[in-house]
Amino acid sequence: MTKRTLQLLLLSCISSVGAMGQINCSTSLKLVCQIPFSTGAFNTNGGVTPESLVAAQGIATAINSAIATQISQLPLASASAGTVVLYRAGVPETYNNLGPILTDRAQTIGRHRIFIGFTASQFFFTDINGIPLGNVPFTFEATAKDNNGNVVSNTFTSESTNIHFKVNQYIVVGTYGITDKIDVSMIVPIERVSIGAATFNNQAFVLNADNTALLVPPYSPAATYTPGTASGLGDITFNGKYVVWRGEHATFSGGMNFRTPTGDALNYLGSGAWGFNPYLVYSYLWKVSPHAKIGYQWNTATELNNPTSTPGGNQALPGGLQYDLGGDWAATKHLTVAIDLLGSQYLNSTKLALSTVPLTFLPTPTSTTKTSVNLPTVVRANSTYTINDLSAGVKWNPYRDLVLSGNVLFQLNNVGMRSRPTPLVGISYKF
């Protein structure tokens, strides 16, 4: 009925800011705490510099926001199953077009009819903002001081992180036709989130207070791996749709999706935000049935989007224009082919961007020439982008109002969090 956006690198040594302010990451098993320990950015006995802390907080915000946005707006199957009866000059005519799979059509299911559907899909994310999740660079700094507060050494650690992030999503959809013009629906997601991070290409530069090298590569800290999983209820969505105008073949409707923050946001099972998505949808019912939908997504503030990492600093999840354009072809009496272009805009969204940390030092105490290196890292930035997906699938009606569906979702551009082609299977029945 509705649609559509990794979190890491935060505060093992701090438990009172941002999303981490809700829990103590030194003892919690919440997924928002998994990757900080993998990177080791804050496992330095309190030696992390304020600059490193701020940088990691910004990175964590960008990844947390991306996960919450994407998971809360993943494509959901529609309640458009079975045949539709239209009246031409008072004579009922049945159309065997079974409708789209991942978007609405304007027609309702009918007065006092009930639709029940179940779908299963798997999202395996591979990139975030064009950066491969298998190779996310990060550089952090730690400072050691003596009892008098004097700097003894500065350690710059550079590493790459291989992040595994997968979501198995199971959706139950129930729709009831209050009248022949009004439908109400409830969409209940059950999620299983799997996330893990392994570091590699670790190297460290240990410099004294005068920026003279004490240790340089091939010295490197040990590689680490931190996995985590969570399962449970996601964000439940309610939908209402009203037929504004109905012609002989064409129908024009308006509706509203209302998302509730029922999922555990700190385990990536939900967004932690309320969502509102008013929309308009047009359908033309025929053997080949085009349809179009346009809406706008608003979200409230969430603990997963806290750029300042301070109490009271929660900001709204990114939202924006949403659109669908596609068509369904009744290839046979019992088989429909559905193809759709799905678009979601994210205004002023936090993102990750590649950067470097310049480092200049003397290789030895007797050196007269300094050595300069640029250590790769990621930083937080803001931008507006649109994710475009191509949905292609089939619906098969083997018996009465029973419909089986299969679909693959392809993300066409590498922005936001990108997943591999996503398979979906479903079953539904209209009573």
Side-chain angles (χ1 to χ4, degrees), residues 4-12 15 18-20 22-43 59-76 118-128 132-136 138 160-172 187-200 223-236 261-273 302-305 317 409 416-425:
R4 332 338 166 198
T5 194
L6 234 202
Q7 286 33 33
L8 57 96
L9 304 174
L10 207 59
L11 313 150
S12 67
S15 60
M20 301 301 118
Q22 312 301 315
I23 53 176
N24 185 343
C25 276
S26 64
T27 59
S28 174
L29 296 178
K30 295 288 189 179
L31 294 190
V32 291
C33 294
Q34 293 299 313
I35 300 179
F37 291 96
S38 177
T39 64
F42 296 103
N43 294 332
I59 292 168
T61 295
I63 299 178
N64 283 333
S65 177
I67 287 185
T69 300
Q70 203 96 354
I71 288 183
S72 66
Q73 299 177 72
L74 293 176
L76 305 178
F118 172 82
T119 63
S121 56
Q122 183 181 86
F123 295 82
F124 193 106
F125 294 96
T126 59
D127 299 84
I128 180 169
L133 288 178
N135 188 13
V136 181
F138 184 58
S160 297
T161 305
N162 182 1
I163 301 170
H164 173 282
F165 185 47
K166 181 175 68 176
V167 178
N168 291 333
Q169 184 184 67
Y170 310 97
I171 303 288
V172 178
I187 303 104
V188 181
I190 306 297
E191 318 269 4
R192 186 181 189 278
V193 178
S194 173
I195 188 170
T199 61
F200 63 99
T224 58
Y225 174 67
T226 304
T229 61
S231 301
L233 182 68
D235 287 351
I236 296 175
T262 50
D264 183 354
L266 297 179
N267 267 327
Y268 303 143
L269 298 173
S271 64
T302 172
E303 58 197 333
L304 295 181
N305 189 17
L317 277 185
L409 187 71
M417 293 195 64
R418 189 182 194 193
S419 67
R420 293 175 182 172
T422 300
L424 175 146
V425 293

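Numbers here simply count residues along the sequence, with the first being 1. FYI, side chains are in, hydrogens and waters are out, and symmetry mates aren't considered; it's all heavy atoms of this structure.
- Between Leu409 and Phe123, some side-chain heavy-atom pair lies under the 4.5 Å cut-off.
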Walk me through it: do Glu191 and Asn267 pass the test side-chain contact (heavy atoms from CB on, under 4.5 Å)? CA-CA 10 Å; Glu191 318 269 4; Asn267 267 327; over 6 Å; no
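- Between Leu266 and Leu31, every side-chain heavy-atom pair lies at or beyond the 4.5 Å cut-off.
- Pro189 approaches Asp235 most closely through the heavy-atom pair CG-O, 3.3 Å.
- Checked options Leu133, Ile195, Ile163; the residue passing with Phe125 is Leu133 (criterion: side-chain contact (heavy atoms from CB on, under 4.5 Å)).
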Before giving the answer on side-chain contact (heavy atoms from CB on, under 4.5 Å), spell out for Ile236 and Ile187 the whole-Å C-alpha distance, their side-chain angles and the decisive distance to 0.1 Å. CA-CA 6 Å; Ile236 296 175; Ile187 303 104; over 6 Å; no
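- Between Asp127 and Pro132, the shortest heavy-atom distance links the atoms OD2-CA, 3.4 Å.
- Of all the heavy atoms in Thr302 and Ala273, the pair that sits closest is CB-CB, 4.0 Å.
- Nearest heavy-atom pair, Ala230 versus Leu269, reported as atom, atom and distance to 0.1 Å: O-CD2, 3.9 Å.
- Nearest approach of Gly272 to Pro261, heavy atoms of both residues: C-CB, 3.9 Å.
- Relative orientation of the Phe118 and Tyr170 rings is parallel, given thresholds of 30° and 60° on the angle between their planes.
- Formation of a donor-acceptor pair under 3.5 Å by the Thr199 side chain with backbone atoms of Ser160 is not found in this model.
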Distance-only criterion, 3.5 Å: show the donor-acceptor pairs between side-chain atoms of residues 417-424 and protein atoms not counting sequence neighbours.
unit_1, atom_1, unit_2, atom_2, d
Arg418, NH2, Gln411, O, 3.2
Ser419, OG, Thr422, OG1, 3.3
Thr422, OG1, Arg420, O, 3.1

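- In this structure, OG1 on Thr161 lies 7.5 Å from CZ on Phe200, to the nearest 0.5 angstrom.
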